[in-house]
Amino acid sequence: QVQLVESGGGLVQAGGSLRLSCDASGRTVIIGSMGWFRQAPGKEREFVAAITWSGIRTDYADFVKGRFTISRDNAKSTVYLQMNSLQPEDTAVYYCAVRRYTGTYFTVADYHYWGQGTQVTVSS
């Protein structure tokens with residue numbers, strides 16, 4: 001099992017920045033790709049960004065390209081999401097997710113472990 005704990009969420013004004021962190025513990029040796037998803041009230045959970053184990057490949061949803069950056073530190077079993085130029089429509093609960101091995105990683109079903117989420121609220 002892998003346990004994930006997100007941090008770094010909060011309230012920020014439009015145009016501001018936040019950096020989310022997700023610390024993994026437990027059987028971290030099985031961790032492959034890692035990703036971030038978000039879920040706004042009344043909406044389905046949606047893909048935001050993902051990164052392979054090596055960090056060589058990253059992918060982003062179109063609505064965050066150029067604003068968000070995903071990175072990871074395997075020595076610390078941590079994945080980060082730097083969010084810049086935040087807008088009110090970015091308001092959501094942000095979830096960290098882990099996939100046990102390589103492969104496609106764009107949908108909720110592709111991941112095996114999830115954190116509890118951290119709230120991000122962007123005021124206009």
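A quick note: this is a predicted structure, and the numbers were derived from the prediction, not measured. Along the sequence shown, residues carry numbers from 1.
The side-chain contact (heavy atoms from CB on, under 4.5 Å) test with Arg72 singles out one residue from Ile51, Thr78, Thr58, and that residue is Ile51.
Residue-environment remark: CD (Gln87) exceeds the threshold of 12 foreign heavy atoms within 6.0 Å.
One N or O on the side chain of Thr91 and one on the backbone of Pro88 form a donor-acceptor pair closer than 3.5 Å. Glu6 places a side-chain N or O within 3.5 Å of a backbone atom of Cys96 that can act as its donor or acceptor partner. Panel note: side chain Thr118, backbone Gly9; a donor-acceptor pair is recorded below 3.5 Å.
The two atoms that bring Ala24 and Ile31 nearest to each other are CB-CD1, 3.6 Å, heavy atoms only. The nearest pair of heavy atoms linking Gln82 to Ser17 is NE2-CB, 4.0 Å. Between Ala92 and Gln119, the shortest heavy-atom distance links the atoms O-NE2, 3.4 Å.
Side-chain heavy atoms closer than 4.5 Å link hydrophobic residues (I, L, V, M, F, W, Y) into clusters, and following such links, even through other members, never connects Trp114 to Val2. Side-chain heavy atoms closer than 4.5 Å link hydrophobic residues (I, L, V, M, F, W, Y) into clusters, and following such links, even through other members, never connects Val108 to Trp36. Hydrophobic clustering, with ILVMFWY side chains joined whenever heavy atoms are under 4.5 angstrom apart, keeps Tyr111 apart from Val64. Tyr60 and Phe63 end up in the same hydrophobic cluster when Ile, Leu, Val, Met, Phe, Trp and Tyr side chains are linked at under 4.5 Å. Taken together through direct or relayed side-chain contacts under 4.5 Å among Ile, Leu, Val, Met, Phe, Trp and Tyr, Phe37 and Val122 form parts of separate hydrophobic clusters.
The distance from the CG atom of Asn74 to the CE atom of Met34 is 8.0 Å, given to the nearest 0.5 Å. Atom CG of residue Asp23 and atom OG of residue Ser7 lie 6.0 Å apart, to the nearest 0.5 angstrom. Atoms OG and CZ, from Ser33 and Arg100 in turn, are 12.5 Å apart once rounded to the nearest 0.5 Å. Summarising the geometry, atom CZ belonging to Arg38 is positioned 11.5 Å from atom CG belonging to Leu20; distances are rounded to the nearest 0.5 Å.
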Would Val79 and Ile70 satisfy side-chain contact (heavy atoms from CB on, under 4.5 Å), going step by step from the backbone distance to the final call? CA-CA 7 Å; Val79 64; Ile70 189 171; 3.9 Å; yes
Between Gln1 and Tyr113, does the side-chain contact (heavy atoms from CB on, under 4.5 Å) criterion hold? Intermediate values first, please. CA-CA 8 Å; Gln1 294 290 330; Tyr113 303 100; 3.3 Å; yes
Check step by step if side-chain contact (heavy atoms from CB on, under 4.5 Å) holds for Asp90 and Arg67. CA-CA 11 Å; Asp90 294 316; Arg67 300 190 298 127; 2.7 Å; yes
Can you check side-chain contact (heavy atoms from CB on, under 4.5 Å) on Val98 and Leu4, steps first, answer last? CA-CA 8 Å; Val98 159; Leu4 302 172; 3.6 Å; yes
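No side-chain heavy atom of Thr28 sits less than 4.5 Å from a side-chain heavy atom of Ile30.
Annotation: cation-pi pair Arg99/Trp53 absent, no NZ/CZ under 6.0 Å from the ring centroid and within 45° of its normal.
Residue pairs meeting the ring pair (Phe, Tyr, Trp, His ring centres under 6.0 Å) criterion with at least one member in residues 67-107, sequence neighbours excluded, are Phe47-Phe106, Tyr101-His112.
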